[in-house]
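First the structure, in the form of structure tokens, and then the observations on it.
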Amino acid sequence: MTAILLLNGPNLGILGRREPEIYGTETLFDIEKAIEKEVAERGWDIVSVQRDSEGELIRSIQEHYYTAGAIVNPGALMINGWGLRDALANYPKPWIEVHLSNVWAREQFRHESVIAPLADGVVVGMGALGYRLAARALLELTPPIG
Ligand code: DQA
């Protein structure tokens, strides 16, 4: 079965309990279920990976080249995740960067993402809905075969 990779970086495993006034009350599990629903129409599944360390995120990108596309929330690695950036440069399918919060409305250090220039698209500030929008974008970017 075709799958998309949902990749979440540091501190995103505790969504729902993490600064809910900024990141919302939905958990990663809720988000996974919502994306599953979104891509089910194409018969796609999801592979969800959340890691707090950059090396493990890099490894999972390398292990999932077979997926049809990826949704990536790098968390704070957006700021200085050069290894993550290089791993994504070699990911062969479309991928969308997602940030729950509007990073440009926040501290200056969140205003630049080292991975964004490589992404097929970026969704920012839409909360958990952003992941679903990214899933829809991947469906559009990957037309059905036949
Ligand atoms: C985040 C924004 C980042 O700046 C922050 O470090 C996160 C979450 C977001 O989803 O809004 O961990 O990626």
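Both ligands and their constituent atoms are indexed starting at 1 by order of listing.
The local environment of NZ in Lys33 is crowded, with over 12 non-hydrogen atoms from other residues, nucleotides or ligands closer than 6.0 Å. The neighbour count for Gln62 CD, taken as heavy atoms of other residues, nucleotides or ligands under 6.0 Å away, is above 12. No more than 12 heavy atoms of other residues, nucleotides or ligands shown are found within 6.0 angstrom of CD on Glu140.
In this structure, Arg136 pairs ionically with Glu41, as a charged nitrogen and a carboxylate oxygen lie closer than 4.0 Å. A salt bridge does not link Glu56 with Arg59: every distance from a Lys NZ or Arg NE/NH1/NH2 to an Asp or Glu carboxylate oxygen is 4.0 Å or more.
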N or O contacts of ligand 1 with protein under 3.5 Å, please list pair by pair.
from	atom 1	to	atom 2	distance (Å)
ligand 1	4 (O)	Arg110	NH1	2.9
ligand 1	6 (O)	Ala76	N	3.2
ligand 1	6 (O)	Arg110	NH1	3.1
ligand 1	10 (O)	Asn73	ND2	2.9
ligand 1	10 (O)	Leu100	N	2.8
ligand 1	11 (O)	Leu100	N	3.2
ligand 1	11 (O)	Ser101	N	2.9
ligand 1	11 (O)	Ser101	OG	2.6
ligand 1	12 (O)	Arg18	NH1	2.9
ligand 1	12 (O)	Arg18	NH2	3.1
ligand 1	13 (O)	Asn73	OD1	2.8
ligand 1	13 (O)	His99	ND1	2.7

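Using a 4.5 Å cut-off between side-chain heavy atoms of Ile, Leu, Val, Met, Phe, Trp and Tyr, Phe29 forms no hydrophobic cluster with any other residue.
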